[in-house]
2 protein chains.
Amino acid sequence: MPTKTPTAEFRSFTETPDLPEPLPEPARDELRLETVMAALSDPLRLHVVRKLLLEAERIDHPCGWFGIDRPKSSLTHHFRTLRDAGLIRQRQFGLTRGNQLRVDDIEARFPGLLALVAQWKPAP
Amino acid sequence: MPTKTPTAEFRSFTETPDLPEPLPEPARDELRLETVMAALSDPLRLHVVRKLLLEAERIDHPCGWFGIDRPKSSLTHHFRTLRDAGLIRQRQFGLTRGNQLRVDDIEARFPGLLALVAQWKPAP
DNA sequence: CTCCTAGTACGACTTGAATCGTACTACGGG
DNA sequence: CCCGTAGTACGATTCAAGTCGTACTAGGAG
């Protein structure tokens with residue numbers, strides 16, 4: 001019997017209902033500083049991580065929530081880069097894909113890194 | 001009358017004698033997080049910054065000091081990338097070029113970043 | 001003056017990243 | 001059952017980065 005997928009689009013992941021499995025991602029101890037740095041060297045991805053950090057309220061958010069004016073295929077690329085680097089976790093909620101920041105893993109491996117992202121401002 | 005260049009190869013920059021001017025570099029308030037992240041996304045440069053941070057003892061060091069087995073033209077490229085990002089300061093001491101980490105500037109703009117570099121280990 | 005040395009300049013090559021259009025897929029509503 | 005919607009897959013293009021060889025330059029030693 002297949003897993004029953006939750007229907008709520010903005011389900012809090014603190015409630016831990018029958019959540020779908022995250023898409024493939026590196027484990028906490030596989031995170032590499034150089035890879036994380038590379039992922040954060042792009043303003044678009046910096047914006048995504050910062051928004052998740054400051055406004056996500058521990059809720060999964062789909063790609064559209066970030067308000068980025070780019071083709072969908074470009075967004076797919078950037079979100080995949082973030083997931084491959086281990087910065088975000090992605091879960092398939094029915095049609096939409098929920099994104100959350102891996103705050104605990106990042107803070108455990110790279111303490112203080114997220115504080116730098118929080119104080120970042122995009123170039124003028 | 002041209003500036004008299006110091007002769008000592010490993011001159012401490014705390015002594016502040018008649019030091020040559022640093023090569024062109026971004027000012028402290030021009031440092032950009034995305035540029036710094038990009039500079040630190042390469043293992044070779046991470047090694048350089050980490051070595052300057054942990055072993056430099058506030059002394060300028062020439063490129064050869066880092067023990068990197070690469071062609072000279074490759075090293076020129078990487079050290080220039082670090083200088084353009086604002087991570088290192090380079091001064092011409094006669095023939096050799098002294099490299100120092102811009103600890104104060106980095107710590108002022110990105111507090112905690114150097115601690116992440118200090119705990120970094122190269123991939124196995 | 002001549003040689004040695006630390007580094008640059010330039011150019012070529014290769015690889016990977018970013019960007020995007022188009023076609024496609026799968027869930028859920030009516 | 002059909003459609004709208006959120007996103008992927010694939011492929012083309014463009015551009016920057018890393019890598020390196022070779023030639024060159026400038027300071028200091030003898």
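Numbered from 1 within each chain, the chains take letters A, B, ... in sequence-line order.
In this entry the distance linking CH2 of A:Trp65 with P of D:dT5 reads 22 Å, nearest Å. The CD-P distance, from B:Gln92 to D:dT25, rounds to 16 Å in whole Å. A:Leu82 places its CG atom 13 Å from the P atom of C:dA17, with the value rounded to the nearest Å. In this structure, A:Arg97 places its CZ atom 12 Å from C1' of C:dA26, rounding to the nearest Å. Atom CG of B:Asn99 is separated from atom P of C:dA6 by 14 Å (rounded to the nearest Å). Rounded to whole angstrom, the span from the CG atom of B:Asp60 across to the C1' atom of C:dA6 amounts to 15 Å. B:Gln90 places its CD atom 11 Å from the C1' atom of C:dT8, with the value rounded to the nearest Å. At whole-Å resolution of the value, CZ in A:Phe93 and P in C:dG28 are 12 Å apart.
Taking the side-chain hydrogen bond (donor to acceptor under 3.5 Å, both in side chains) definition, one finds that A:His78 meets it with A:Arg45, sequence neighbours left out. Applying the salt bridge (charged side-chain N to carboxylate O under 4.0 Å, His left out) criterion to B:Glu107, with sequence neighbours excluded, gives no partner residue. Under the salt bridge (charged side-chain N to carboxylate O under 4.0 Å, His left out) criterion, B:Arg109 pairs with no residue, sequence neighbours left out.
The distance from atom CG of B:Leu87 to atom OG1 of B:Thr81, rounded to the nearest 0.5 Å, is 10.5 Å. Atoms CG and CG, from B:Leu101 and B:Leu114 in turn, are 5.5 Å apart once rounded to the nearest 0.5 Å. The distance from atom CG of A:Leu53 to atom CD1 of A:Ile106, rounded to the nearest 0.5 Å, is 8.5 Å. A distance of 7.5 Å separates CG of A:Leu40 from CG of B:Leu33, quoted to the nearest 0.5 Å.
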Using residues 25-32 of chain B as the side-chain source, report each donor-acceptor pair under 3.5 Å to any protein atom, sequence neighbours left out, with the distance given to one decimal.
from, atom 1, to, atom 2, distance (Å)
B:Glu25, OE1, B:Arg89, NE, 3.3
B:Glu25, OE2, B:Arg89, NE, 3.0
B:Glu25, OE2, B:Arg89, NH2, 2.9
B:Arg28, NE, B:Asp105, OD1, 2.6
B:Arg28, NH2, B:Asp105, OD1, 3.0
B:Glu30, OE1, B:Ala27, N, 2.9
B:Arg32, NH1, B:Glu34, OE2, 2.9
B:Arg32, NH2, A:Lys121, O, 2.8

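Heavy-atom distances to DNA chain C give each of A:Pro71 and B:Gly64 a nearest nucleotide, and the one nearer the 5′ end belongs to B:Gly64.
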All N/O pairs under 3.5 Å across the protein-nucleotides 15-18 of chain D interface:
from, atom 1, to, atom 2, distance (Å)
D:dG18, OP1, B:Arg45, NH1, 2.9
D:dG18, OP1, B:Arg45, NH2, 2.6
D:dG18, OP2, B:Arg45, NH1, 3.2
D:dG18, OP2, B:His77, NE2, 2.8

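Closest to the B:Cys63 side chain, of the nucleotides D:dG27, C:dC20, C:dG7, is C:dG7.
Within the 3.5 Å criterion, the main-chain N or O of A:Ala56 finds a donor-acceptor partner in the side chain of A:His61.
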- Message: For a quick check, with a 4.0 angstrom heavy-atom cut-off, what is the B/S/- contact string for nucleotides 9-15 of chain C, read 5' to 3'?
- Response: B------
